[in-house]
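Letters A, B, ... mirror the listed sequences (proteins, then strands); counts begin at 1.
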Protein chains: 2
Amino acid sequence: MRYTPHMAMAKKRSYEQYCPMAHALDLVGDRWNLLVIRELMHGPKRYTDLVEHLPGIGTNILASRLRDLEAGGLVSKRVLPPPAASRVYELTEYGRELRGVLRELALWGARSLGPPTDEDELFPGWLANALDVMLAPFAPPGRFEFRIGEEVASIVDREAKEGPADEPDVVITGDPEGVYYMFVDSRLDLVSVEGDRALLEQLITVAPQPLPAAATA
Amino acid sequence: MRYTPHMAMAKKRSYEQYCPMAHALDLVGDRWNLLVIRELMHGPKRYTDLVEHLPGIGTNILASRLRDLEAGGLVSKRVLPPPAASRVYELTEYGRELRGVLRELALWGARSLGPPTDEDELFPGWLANALDVMLAPFAPPGRFEFRIGEEVASIVDREAKEGPADEPDVVITGDPEGVYYMFVDSRLDLVSVEGDRALLEQLITVAPQPLPAAATA
DNA sequence: CCGCATCCCCAAAGATACTG
DNA sequence: CAGTATCTTTGGGGATGCGG
């Protein structure tokens, strides 16, 4: 590979501590890194798909982060075969092993995450992300479909994905606030439910409970 | 409380995504935050103790982070009673609930953490930190004492702490490289062992295994 | 001392425009 | 489509100062 100036390889900033956690943070601690990994956790994605799912990232930052993650052995770049050729990024085995970390972190964060506000951007995929981390792994077996605002996502046999479900057992329709209070207060009056209501009530019981009060500042 | 200019409350930067993980990162994602929490995980600490255990942090940054963490409900400031009065910082219940995240993250990081190099700073407490997260929870019951370079730390009944152990079953003496290869390659020829060698061999089997190769870049 | 605030400098993040 | 080039703004690192 030829040397070009812009490759000047910005010597990564490091904590320079001999500590497993400091080292982990050297790999994934920079801003946006874990969110990029969150997106790739769903499978390989193209550059522009990533941009779309990471509102506010700025294309240079994304390029830089992908370079860092590749250098760290967490992400690999692959070129799809000629017909409809395109580059995709995907997690390596080591990258995928962050799944447990992401889940625990998100579950912890969920406890102080209030209802959606106007400040929050409801980017494409937010619903599937939230379902995936907060509910899917603990869900009762069954087929759930959620239609919240613009988004449609589903949980099928403990797996969350974007889009509708085939032959869902229950379909929940509503807005983001409604679905929030459904899970944290078991209120079913703000959403509309079609299908197996009892199954939905089972699902509600596995949702993480928010902090008593305050703490959200 | 009176308003003074420097309180101008640096409006925290946020990802502004409605996502549990993005929210978690708004709380703990900034540089140094998780390392501060790692330190407080061992119990309340004074400002200067934190500075000492976080080489390179810069005093203004630490102050800023402690303010953020307090505002986020993760840390609280407490003033010890008059005799030897001093302020200490400690984790709230919500802050302590990050323990699982820290452990998983560190275990993940440990897999690509090579042997200590000259670049790495061996700050006070590094040994206890490493033992705590990588070995202690999975250790066989028993009393281990490690004397590695300047540091002394121990594992007693699955709990790591700084300093020697009372009546240790086994004492390991050596340097950082030696202890690294002891755990990753089960080599006992680079350290000296006094006491129950079999118990130590049991401990070695629970150490996380490093990645096959490369990846460390 | 301990617990910060201030100042200066530079590196990284953000925004936008542009190119192979 | 998949990024790079460039400019501006923000934040971190390091040193120092200062009140309690």
Side-chain angles (χ1 to χ4, degrees), chain A residues 2-17 22 25-26 29-36 39-40 44-70 75 77-80 82-90 121, chain B residues 2-17 25-26 29-36 39 44-70 75 77-80 82-90 121:
Chain A
R2 287 254 313 290
Y3 173 88
T4 63
H6 66 269
M7 286 183 191
M9 194 27 89
K11 50 185 181 328
K12 282 260 312 166
R13 176 155 49 171
S14 158
Y15 288 109
E16 285 167 15
Q17 295 178 19
L25 291 172
D26 283 340
D30 281 358
R31 193 166 166 78
W32 291 107
N33 262 337
L34 283 180
L35 293 179
V36 170
E39 287 309 313
L40 293 179
K45 278 204 167 60
R46 291 177 310 169
Y47 193 87
T48 40
D49 296 331
L50 289 170
V51 171
E52 192 181 353
H53 285 76
L54 295 168
I57 192 176
T59 110
N60 49 347
I61 302 296
L62 177 56
S64 166
R65 290 294 116 89
L66 288 171
R67 264 194 303 269
D68 295 345
L69 291 173
E70 198 175 354
V75 161
K77 197 189 309 190
R78 193 156 50 92
V79 181
L80 298 182
S86 171
R87 260 152 293 190
V88 292
Y89 294 88
E90 62 186 347
E121 189 152 353
Chain B
R2 289 254 313 291
Y3 174 86
T4 61
H6 66 267
M7 286 183 192
M9 193 26 89
K11 49 187 182 332
K12 284 258 312 166
R13 175 152 45 172
S14 158
Y15 287 109
E16 284 167 14
Q17 295 179 20
L25 291 172
D26 284 340
D30 281 358
R31 191 166 168 78
W32 291 108
N33 261 336
L34 283 180
L35 293 179
V36 171
E39 287 309 313
K45 278 206 167 62
R46 291 177 311 171
Y47 193 87
T48 39
D49 295 332
L50 288 171
V51 171
E52 193 181 351
H53 285 76
L54 295 168
I57 193 175
T59 110
N60 50 344
I61 302 296
L62 177 56
S64 166
R65 290 302 181 270
L66 287 171
R67 250 180 278 127
D68 295 345
L69 292 174
E70 199 175 354
V75 161
K77 199 189 306 192
R78 193 156 50 92
V79 181
L80 297 182
S86 172
R87 260 152 291 188
V88 293
Y89 293 88
E90 62 186 346
E121 188 152 354

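Rounded to an integer number of Å, the gap from CD1 of B/Ile57 to C1' of C/dG3 is 14 Å. Per the geometry, CG belonging to A/Asp26 stands 13 Å off P belonging to C/dA12, to the nearest Å. Between the CD atom of B/Glu52 and the C1' atom of C/dC1 there is a distance of 14 Å, rounded to whole Å. Distance CG (B/Leu35) to P (D/dG13): 11 Å, rounded to an integer number of Å. In this entry the distance linking CZ of A/Arg67 with C1' of D/dA5 reads 12 Å, nearest Å. A/Asp30 has its CG atom 15 Å from the C1' atom of D/dT10, to the nearest Å. For the pair A/Lys45 NZ and D/dC1 P, the interatomic distance rounds to 16 Å; values are reported in whole Å. Distance CZ (A/Arg46) to P (D/dG3): 12 Å, rounded to an integer number of Å.
Classification of the A/Tyr89-A/Tyr47 ring pair by plane angle, with boundaries at 30° and 60°, yields tilted.
Taking every heavy atom of both residues into account, B/Arg13 and B/Asp26 meet most closely at O-OD1, 4.2 Å.
Side-chain proximity of A/Arg87 to C/dG3, C/dC4, D/dG3: nearest is D/dG3. The side chain of B/Arg65 lies closest to D/dG11 when the candidates are C/dA12, D/dG11, D/dT4. Candidate nucleotides C/dG3, C/dC4, D/dC1 were compared by shortest atom distance to the side chain of B/Ser86, and C/dG3 ranks first. For B/Ile61, whose side chain is taken as the heavy atoms from C-beta onward, the closest listed nucleotide among D/dG13, C/dA13, D/dC1 is D/dG13.
For D/dA2, its base never sits under 3.5 Å from the side chain of A/Thr59 at any donor and acceptor pair.
Mapped onto DNA chain D by nearest heavy atom, A/Lys77 and B/Trp32 fall at different nucleotides, with A/Lys77 at the one closer to the 5' end.
Look at B/Arg13 and you'll find a side-chain N or O under 4.0 angstrom from OP1 or OP2 of C/dG14. Note on B/Tyr15: every side-chain N or O is 4.0 Å or more away from OP1 and OP2 of C/dA13. The side chain of A/Arg31 contributes no N or O atom lying less than 4.0 Å from OP1 or OP2 of D/dG12.
A/Asn60 comes within contact range of at least one nucleobase, with a heavy-atom separation under 4.0 Å. In this structure, A/Leu62 reaches neither bases nor backbone, as no heavy-atom distance under 4.0 Å exists between it and the strands shown.
At a threshold of 4.5 Å between non-hydrogen side-chain atoms, the residues B/Trp32 and B/Leu62 do not count as touching. No side-chain heavy atom of B/Val75 sits less than 4.5 Å from a side-chain heavy atom of B/Val36.
Proximity of a side-chain donor or acceptor of B/Arg31 to a complementary backbone N or O of A/Gly29 within less than 3.5 Å is not detected.
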